[in-house]
Structures are given as structure tokens and as C-alpha cells.
Amino acid sequence: MARRLDAPRRKWPVAALVAAGLIMIVGLIGAMVIFGSNRSTSSPGAGQSVSPSLIAGAGSTRAAPATPSVESTHPYASESPPPSPQVTGSAGAAPTPTADPSGPASETPLPSDAAPRSADEFDLQGQVIDMGFPLRSDTEYHYRDNWFEKRDGPPDSYNHAKTGPDGQLIRLHDGIDLYAPENEPALSPFDGIVIDPATKWMPWEPDRYGLTVVVQSDEPTSEGYTAVLVHLDRDWVEVGQHVTRGQVIGVLGRTGNAENVQPQLHFELRAPFLIDWSPIGENRQVDAFNPYLSLVAADPKQ
């Protein structure tokens with residue numbers, strides 16, 4: 001049915017409008033309170049993680065998955081993490097690399113003039129050892145190459161020897177004789193330790209060698225080699241004492257089997273290994289070798 005244009009309009013009472021407005025305001029405030037409460041209990045803040053129970057099932061709105069904490073993913077999670085590297089020096093400079101402690105230990109290279117460390121490297125006829133001359137430069141002395149000459153008496157195992165026509169062993173000279181006035185100073189050819197010859201060469205025969213000083217070198221060029229100074233009249237060192245090259249260790253004399261000859265220093269050099277002398281016709285291994293060329297090289301008067 002058509003409405004009359006002049007029909008009177010319905011008016012809402014003022015009281016109803018006010019009540020409706022209040023209801024809307026209260027509802028809005030309640031919604032804000034509820035929404036704020038949910039954010040404070042469900043939204044992760046700093047240092048918080050999302051509980052799996054808050055993630056809805058299929059078809060529901062899923063909250064963004066929380067990033068796993070560092071503690072749960074770090075490879076050292078079961079133990080204390082390694083300390084952070086400390087960079088020293090100027091800002092931005094790369095740290096200096098350090099040697100790997102598990103790598104091979106570096107070895108100090110031998111000097112170019114170092115003595116042989118094995119018999120395979122040894123020159124049977126021309127070996128020269130770096131050493132000091134065993135007499136002072138102001139001493140009147142003379143010597144010649146009399147190594148390997150025939151000597152009286154039976155050889156010991158550490159003496160050079162060859163078989164004579166009768167099949168008997170002939171003892172050969174193990175060193176060089178330096179002739180000089182009695183009581184002239186004898187000098188150590190090396191830095192090293194004084195050792196007891198009776199503990200190294202057995203049986204040691206004092207009646208043959210007389211008063212003897214043996215110096216075992218600890219110099220890089222001759223480490224382990226020994227110098228044997230024989231027929232001394234006196235010595236001023238003790239076994240176990242460390243001496244230096246050129247140090248006076250005693251004086252020349254006539255002790256041992258040198259009583260009836262002119263004063264001399266019988267001087268030997270011995271290697272820290274046995275040497276096979278069969279290439280020069282001797283059927284034995286002895287550590288003593290010819291010191292003549294080493295003496296000449298060290299002689300201050302040459």
C-alpha cells in the first residue's frame with residue numbers, strides 16, 4: 001500500500017539514543033581490553049619463544065613460527081662454546097696467524113760445514129773437522145802426518161790394526177804427535193764436556209796413554225765428536241766439566257809410554273760412530289780417524 005507523503009515521521013526517544021551509545025562505548029572498551037590481554041600473553045617479546053600450543057591446526061590462522069634460539073642450534077650446544085677470538089693491533093688489521101701446535105716440530109738446519117753424522121757420509125782420507133788448534137800460537141811446535149804408523153804392543157778393539165806376516169795383529173797409530181816443550185799449555189779444541197775415556201773405550205790402558213783429557217764436542221759443526229789429548233803432565237779440568245774452545249786444560253808432559261821420548265801431545269779425533277776402514281785395507285771398524293788435515297786447517301801458523 002502506498003505511503004502517504006504527508007504521513008508523520010517516527011521519532012526515537014532521546015533516552016533510547018543515549019542508552020544505545022553507552023552500550024556501544026562499553027562494548028568497544030571491553031573488546032580493547034580483551035584484545036590487549038591476548039597480545040600480552042600470546043605475542044612473543046624479547047627473549048620469548050612461541051609455544052607450540054598456540055599454533056592452530058589445519059584451516060586456522062597460524063602464528064609465524066618463532067626463530068630457534070642460538071642455544072638449541074649451536075654445534076657446541078652440549079658443551080661450553082669456544083671463546084670469541086681476540087683481535088689485537090690496529091683497528092681493522094687481520095690477526096697474525098699462529099703456528100699449528102699439531103704440526104711437525106721444526107728442526108734447526110745443520111751448518112754447511114757440519115761434520116758427517118753417519119759413516120756413509122764420512123770421507124775416509126780427506127775428512128776435515130772444524131776445531132781449534134790444541135796448542136797456543138806462541139808455542140814452538142812441529143808435527144807431521146804419522147797417523148796409521150806401526151806402534152808397539154797389542155791393539156785394543158778401539159785401536160787401528162792390521163795383520164802382520166806372521167798372522168798377528170799390529171797396532172797402528174790412532175792420532176798425530178805434536179812435539180813441543182814440556183809444560184806448554186794444551187788447549188781444548190771444542191766447546192764441550194770432559195768425559196772419562198775408560199767409560200767409552202774399554203779396556204782403557206793408563207800405562208799406555210798416561211794422563212789424558214777427552215773433550216766431547218757440543219758445537220753445532222762437530223757435535224758428538226771427541227778430541228783425545230794424551231801424555232799430559234798435569235790437567236786442570238774434571239770429568240763432567242764444560243770447557244770452551246781454546247781453554248787451557250793442562251800442560252804437555254811425558255806420561256804413559258812417552259817417558260823415553262821427547263815431550264809431545266798425542267792428539268786424536270774420534271767420530272760418534274764406527275767407521276769401516278776396509279776400503280784402505282783394514283779389516284775392522286774404529287771411530288778414530290786421521291786428524292792431520294783438521295790440525296793443518298786450524299793451525300794458526302799455516
Side-chain angles (χ1 to χ4, degrees), residues 114-135 143-164 169-179 186 188-190 192-219 221-232 249 255-258 264-299:
R117 294 300 179 94
S118 70
D120 294 337
E121 304 169 356
F122 200 87
D123 184 351
L124 295 182
Q125 299 187 20
Q127 189 64 56
V128 176
I129 304 299
D130 177 28
M131 55 170 254
F133 199 72
L135 299 175
Y143 58 98
R144 63 182 179 84
D145 187 357
N146 60 349
W147 182 76
F148 225 56
E149 288 184 351
K150 179 182 176 180
R151 286 296 183 265
D152 294 332
D156 292 311
S157 61
Y158 52 87
N159 296 138
H160 284 281
K162 66 180 180 180
T163 304
L169 284 177
I170 300 172
R171 184 169 69 92
L172 302 175
H173 200 212
D174 294 323
I176 298 295
D177 294 327
L178 295 93
Y179 299 97
S188 173
F190 303 123
I193 301 295
V194 177
I195 66 172
D196 182 358
T199 63
K200 190 173 180 67
W201 302 288
M202 296 176 286
W204 185 255
E205 300 189 38
D207 291 342
R208 175 180 292 173
Y209 293 95
L211 183 58
T212 300
V213 172
V214 179
V215 178
Q216 181 170 292
S217 173
D218 58 14
E219 297 182 8
T221 55
S222 56
E223 187 172 4
Y225 283 74
T226 51
V228 185
L229 292 83
V230 180
H231 304 316
L232 299 177
I249 59 177
T255 57
N257 62 4
Q264 62 181 269
L265 175 66
H266 171 83
F267 181 80
E268 297 179 9
L269 285 177
R270 292 181 177 260
F273 44 79
L274 294 177
I275 303 169
D276 180 11
W277 296 99
S278 58
I280 63 172
E282 184 182 9
N283 188 24
R284 61 168 48 197
Q285 295 186 342
V286 183
D287 59 358
F289 60 95
N290 191 351
Y292 180 74
L293 293 179
S294 300
L295 286 167
V296 171
D299 192 339

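Count residues from 1 along the sequence.
Closest approach of D145 and E149 over heavy atoms only: O-OE2, 4.4 Å. The minimum heavy-atom distance linking S222 with A115 is given by the pair CA-CB, 4.3 Å. Contact record, W277 with I275: CD1-O, 3.1 Å, taken as the closest heavy-atom pair. The two atoms that bring P116 and Y225 nearest to each other are O-OH, 2.5 Å, heavy atoms only. Scanning all heavy atoms of the two residues, the minimum distance from F190 to T226 falls at CE1-C, 4.2 Å. The heavy-atom pair separating I170 from G164 by the smallest distance is CD1-CA, 3.6 Å.
The backbone N or O of Y292 lies less than 3.5 Å from a partner atom in the side chain of N290, making a donor-acceptor pair. Between the side chain of Y209 and the backbone N or O of L229 there is no donor-acceptor pair closer than 3.5 Å. A donor-acceptor pair under 3.5 Å is absent between the side-chain atoms of R117 and the main chain of P272, judged by distance alone. Listed for the S217 side chain is no donor-acceptor partner under 3.5 Å among the backbone atoms of G192.
Residue pairs that meet the salt bridge (charged side-chain N to carboxylate O under 4.0 Å, His left out) test with at least one member in residues 265-283, sequence neighbours left out, are D174-R270, E268-R270, R270-D287.
Around the CG atom of N283, the shell of radius 6.0 Å holds no more than 12 heavy atoms that belong to other residues, nucleotides or ligands. The local environment of CG in D123 is crowded, with over 12 non-hydrogen atoms from other residues, nucleotides or ligands closer than 6.0 Å.
One distance of note links CG of L172 with CZ of F148; it measures 5.0 Å at 0.5 Å rounding. Rounding to the nearest 0.5 Å places CZ of R284 at 7.0 Å from OG of S157. Rounding to the nearest 0.5 Å gives a distance of 14.5 Å between NZ of K150 and NE2 of H173.
Counting only heavy atoms from C-beta outward, the side chains of M131 and T221 never approach each other to under 4.5 Å. Contact annotation: the side chain of T163 approaches that of L169 to within less than 4.5 Å [non-hydrogen atoms, C-beta and beyond]. Within the 4.5 Å cutoff, the side chain of V214 has no heavy atoms near those of the D196 side chain. Contact check for Q125 versus I280: side-chain heavy atoms found under the 4.5 Å cut-off. Under the 4.5 Å side-chain criterion, counting only non-hydrogen atoms from C-beta, D156 is not in contact with W201. N257 is listed as a side-chain neighbour of H231, based on a closest heavy-atom distance under 4.5 Å. Annotation: side chain of L232 is in contact with side chain of L265 (closest heavy-atom distance under 4.5 Å). At least one side-chain heavy atom of R151 sits under 4.5 Å from a side-chain heavy atom of N146.
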Trace of the side-chain contact (heavy atoms from CB on, under 4.5 Å) decision for Y143 with D177: CA-CA 6 Å; Y143 58 98; D177 294 327; over 6 Å; no
Derivation and outcome, side-chain contact (heavy atoms from CB on, under 4.5 Å), residues W147 and H160: CA-CA 10 Å; W147 182 76; H160 284 281; 3.6 Å; yes
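Scored by the ring-ring contact (aromatic ring centres under 6.0 Å, His included) test, F273 finds no partners at all (sequence neighbours excluded). Applying the ring-ring contact (aromatic ring centres under 6.0 Å, His included) rule to F289 yields the partners F122; only residues at least two apart in sequence or on another chain are considered.
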